[in-house]
S.K.: 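Here it is: the structure, laid out below.
Along the sequence shown, residues are numbered consecutively beginning with 1. Worth knowing before you read on, the calculation uses all heavy atoms, side chains too, and leaves out hydrogens, waters and symmetry mates.
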Amino acid sequence: GLDWSHFDFVVLTSFAYNRYLDPSQVPPIDNPRYSEYFLRQHFYEAILLGHMPQLERVIQFEGSTLRGPVLTIYKVRGS
């Protein structure tokens with residue numbers, strides 16, 4: 001797994017993860033990125049659903065506070 005000790009914060013942007021939450025974006029099974037797609041989907045879902053206890057959500061910017069992607073900042077616990 002990922003060694004979180006090298007990080008203080010994690011910043012996610014919806015521009016990076018939205019494609020992995022959209023079933024219409026799954027590559028064809030013969031595409032070399034097919035299995036990578038599901039690894040990344042699992043990674044982003046785990047963070048966004050709060051299934052990574054080492055990450056504490058600090059703040060999220062979206063809608064009227066930001067024009068563009070949703071930005072979410074997480075603090076790495078223990079850093």
Side-chain angles (χ1 to χ4, degrees):
L2 188 59
D3 181 1
W4 294 100
S5 67
H6 299 289
F7 303 94
D8 294 320
F9 291 91
V10 172
V11 178
L12 291 187
T13 170
S14 60
F15 281 168
Y17 63 74
N18 273 347
R19 74 184 110 188
Y20 299 106
L21 306 179
D22 179 357
S24 72
Q25 298 297 312
V26 177
I29 197 164
D30 60 346
N31 186 306
R33 295 183 339 188
Y34 180 79
S35 57
E36 177 187 323
Y37 175 91
F38 290 103
L39 289 173
R40 290 183 184 212
Q41 179 187 54
H42 177 74
F43 177 75
Y44 286 120
E45 283 181 342
I47 292 174
L48 294 167
L49 295 173
H51 295 196
M52 289 196 170
Q54 61 272 55
L55 297 180
E56 176 185 350
R57 191 169 124 177
V58 177
I59 194 165
Q60 185 169 341
F61 301 98
E62 65 179 310
S64 63
T65 59
L66 181 71
R67 294 182 64 173
V70 174
L71 296 175
T72 310
I73 300 173
Y74 297 85
K75 179 168 180 17
V76 178
R77 293 187 175 151
S79 64

S.K.: Tell me which donor-acceptor pairs under 3.5 Å the side chains of residues 9-16 have, and how far apart each pair is, sequence neighbours excluded?
M.R.:
from : atom 1 : to  : atom 2 : distance (Å)
T13  : OG1    : F15 : N      : 3.3
S14  : OG     : V70 : N      : 2.8

S.K.: Mind checking what makes salt bridge (Lys or Arg N to Asp or Glu O under 4.0 Å) contact with R57, not counting sequence neighbours?
M.R.: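 Not a single residue meets the salt bridge (Lys or Arg N to Asp or Glu O under 4.0 Å) criterion with R57.
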S.K.: Please list all pairs passing the salt bridge (charged side-chain N to carboxylate O under 4.0 Å, His left out) test where one or both residues lie in residues 32-44, with sequence neighbours left out.
M.R.: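 Qualifying pairs, neighbours excluded: E36-R40.
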S.K.: Report the residues that fulfil ring pair (Phe, Tyr, Trp, His ring centres under 6.0 Å) with Y20, sequence neighbours left out, ordered by chain and then residue number.
M.R.: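 For Y20 the ring pair (Phe, Tyr, Trp, His ring centres under 6.0 Å) partners, ignoring immediate neighbours, are Y37, Y44.
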S.K.: Please enumerate all residues that pass salt bridge (Lys or Arg N to Asp or Glu O under 4.0 Å) together with R19, with sequence neighbours excluded.
M.R.: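 Counting only residues at least two positions away or on another chain, R19 forms no salt bridge (Lys or Arg N to Asp or Glu O under 4.0 Å).
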S.K.: Would you please name every residue forming a side chain to side chain contact (heavy atoms under 4.5 Å, CB included) with P28, sequence neighbours left out?
M.R.: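 Checked P28 against side chain to side chain contact (heavy atoms under 4.5 Å, CB included); matches are D30, N31.
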S.K.: Report the residues that fulfil salt bridge (Lys or Arg N to Asp or Glu O under 4.0 Å) with E45, sequence neighbours left out, ordered by chain and then residue number.
M.R.: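 Residues passing salt bridge (Lys or Arg N to Asp or Glu O under 4.0 Å) with E45: none at all.
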S.K.: Among all residues two or more places apart in sequence or in another chain, which pass the side-chain hydrogen bond (donor to acceptor under 3.5 Å, both in side chains) test with E56?
M.R.: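 Here no residue qualifies.
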S.K.: With rounding to the nearest 0.5 angstrom, report the NZ to CD1 distance, K75 to I59.
M.R.: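 It is 15.0 Å, given to the nearest 0.5 Å.
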S.K.: Under the side chain to side chain contact (heavy atoms under 4.5 Å, CB included) rule, collect the residues that match up with F43, sequence neighbours excluded.
M.R.: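 Checked F43 against side chain to side chain contact (heavy atoms under 4.5 Å, CB included); matches are L2, W4, I47, M52.
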S.K.: List the residues meeting side chain to side chain contact (heavy atoms under 4.5 Å, CB included) with I29, not counting sequence neighbours, and say none if there are none.
M.R.: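 I29: side chain to side chain contact (heavy atoms under 4.5 Å, CB included) contacts with Y34.
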S.K.: Please enumerate all residues that pass side chain to side chain contact (heavy atoms under 4.5 Å, CB included) together with L39, with sequence neighbours excluded.
M.R.: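 Side chain to side chain contact (heavy atoms under 4.5 Å, CB included) list for L39, sorted by chain: empty.
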S.K.: With sequence neighbours left out, write down each residue that passes side-chain hydrogen bond (donor to acceptor under 3.5 Å, both in side chains) with D3, or none if nothing qualifies.
M.R.: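 For D3 the side-chain hydrogen bond (donor to acceptor under 3.5 Å, both in side chains) partners, ignoring immediate neighbours, are S5, H6.
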